[in-house]
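Have a look at the structure below, then the notes.
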2 protein chains.
Amino acid sequence: MATRSRPAPSTALDDATASQLAQLFSALSDPSRVRILWALSSGERNVGDLAQRVGMTESAVSHQLRQLRQLRLARARKAGREVFYALDDEHVMELFQRGLEHVRHR
Amino acid sequence: MATRSRPAPSTALDDATASQLAQLFSALSDPSRVRILWALSSGERNVGDLAQRVGMTESAVSHQLRQLRQLRLARARKAGREVFYALDDEHVMELFQRGLEHVRHR
DNA sequence: TGAACGTATGAACAGATATTCATGTATTGT
DNA sequence: ACAATACATGAATATCTGTTCATACGTTCA
C-alpha cells in the first residue's frame with residue numbers, strides 16, 4: 001500500500017489568496033447563510049420562500065443574498081416581481097459535504 | 001454521458017448542524033488563520049516560528065491557535081518551553097483545496 | 001392611475017471578533 | 001536562585017457584521 005500522501009499545498013500562499021480564501025469561508029461562516037445555501041441546494045427559491053424556510057425576515061434574507069451574489073455563490077433570476085435565487089456552482093455543496101465530515105467525525 | 005448528479009444533501013439541515021458548520025467555516029474565515037493553517041500544512045511549527053512566518057506577534061498567534069485548538073483544527077505538543085502545533089486532521093487542507101478551486105475558477 | 005406585492009437598500013444599533021498591551025506561568029541555563 | 005526564553009491569558013479597544021426598521025423601487029392587477 002502506498003503511503004497516504006498529503007493534499008500537498010506545495011507552494012506558498014500569498015496574502016491576496018489567503019484573503020480570498022478567508023472571504024469565501026467567511027460567506028459560509030454564518031448559520032443563516034448556511035441554511036439559505038442549503039435551502040438552495042434543492043433548487044431555485046424566491047426570497048419570500050427562503051425567508052419562510054429559514055425563519056428570517058425578507059429583508060434580512062435579501063441582505064444576505066446580496067453578499068452571496070457578490071461572492072458568486074448564488075445567482076439571481078428575475079421573473080416578474082419575484083427574484084429566484086440558485087446556487088452559482090457545485091463548489092458550495094462540496095464544501096458543505098467536507099465540512100459535515102469534519103463536524104460529524106468530531 | 002450520464003447526467004451530472006448534484007452532491008445531493010437529501011436531508012434537512014437542523015439548526016444545530018447549521019451552526020456547527022458555520023462555526024467550522026468561521027475558523028477559516030480570517031486571513032491570519034488561513035495563513036497559520038497553511039503554514040502548518042508543511043509540518044509542525046512552534047509559536048515563534050509561526051508568528052514570524054505569518055508576520056504577527058506571538059501573542060496574536062497564540063490567541064488564534066487557541067481557537068483552532070478548540071475547534072479541533074490544530075493540536076499542540078509541548079516540548080520543553082516550546083509548543084509545537086500541527087493540523088489535527090486532513091479535512092482542513094481538503095477544504096482549502098476546494099476553496100481554492102472556487103476562488104481560482106472565479 | 002392607484003394600490004398591493006415582492007424585493008432591495010441605507011442607516012442605525014447591538015453583538016461579535018482580532019489585535020495590542022501588560023502581565024503571568026512554566027522551563028531552561030548560569 | 002536568578003535571569004532569560006517561550007508561550008498563554010485577560011482586559012481594553014477598534015473594527016466588522018447581522019439584523020431591524022423605514023423607505024424606495026419595479027411589477028402586476030384592478
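The model shown is predicted, which means the values in this text are computed figures rather than measured ones. So that the names make sense, note that chain A is the first sequence line, chain B the second, and so on, each numbered from 1.
- Rounded to whole Å, the distance from CZ on B:Arg77 to P on D:dA6 is 16 Å.
- Residues A:Leu28 and A:Val92 meet the side-chain proximity criterion, which asks for heavy atoms closer than 4.5 Å.
- In the interface, the side chain of A:Thr57 is not paired with the base of D:dT19 through any donor and acceptor atom under 3.5 Å apart.
- With hydrophobic clusters built from ILVMFWY side chains whose heavy atoms lie under 4.5 angstrom apart, A:Phe84 does not share a cluster with A:Leu68.
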Enumerate the protein-to-nucleotides 12-18 of chain D contacts in which both atoms are nitrogen or oxygen and the separation is below 3.5 Å.
unit_1, atom_1, unit_2, atom_2, d
D:dG18, OP1, A:Arg33, NH1, 2.8
D:dG18, OP1, A:Arg33, NH2, 2.5
D:dG18, OP2, A:Gln67, OE1, 3.4

Distance-only criterion, 3.5 Å: show the donor-acceptor pairs between side-chain atoms of residues 48-63 of chain B and protein atoms not counting sequence neighbours.
unit_1, atom_1, unit_2, atom_2, d
B:Asp49, OD1, B:Arg53, NE, 2.8
B:Thr57, OG1, B:Ala60, N, 3.1

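- Side-chain contact between A:Phe25 and B:Leu95: present, with at least one pair of heavy atoms (C-beta onward) separated by less than 4.5 Å.
- Residues satisfying the side chain to side chain donor-acceptor pair (under 3.5 Å) criterion with B:Arg77, sequence neighbours excluded, are B:Glu44.
- Rounded to whole Å, the distance from CZ on B:Arg45 to P on D:dA6 is 16 Å.
- Partners of A:Ser29 by side chain to side chain donor-acceptor pair (under 3.5 Å), not counting sequence neighbours: none found.
- Between B:His63 and A:Ala60, it is B:His63 whose nearest contact on DNA chain D lies nearer the 5' terminus.
- Summarising the geometry, atom CZ belonging to A:Arg98 is positioned 14.0 Å from atom CG belonging to B:Leu21; distances are rounded to the nearest 0.5 Å.
- Among all heavy-atom pairs drawn from B:Gln64 and B:Asp30, the shortest one is NE2-OD2, 4.0 Å.
- Scanning both residues, A:Ala27 and A:Leu71, for their nearest heavy atoms gives CB-CD1, 3.4 Å.
- For DNA chain D, the residues of residues 78-85 of chain B within the heavy-atom distance limit of 4.0 Å (strictly under) are B:Arg81, B:Glu82, B:Val83, B:Tyr85, sorted by number.
- Checking each of B:Leu65, B:Leu87, B:Leu24 against B:Leu73 for a side chain to side chain contact (heavy atoms under 4.5 Å, CB included) leaves exactly one that passes, namely B:Leu24.
- For DNA chain C, the span of nucleotides reached by chain B at under 4.0 Å from its heavy atoms goes, 5' to 3', from C:dA18 to C:dT28.
- Remark: P of D:dC7 and CG of B:Leu65 are 10 Å apart, rounded to the nearest angstrom.
- Residues B:Arg69 and B:Asp88 have side chains not in contact (no heavy-atom distance under 4.5 Å, counting atoms from C-beta outward).
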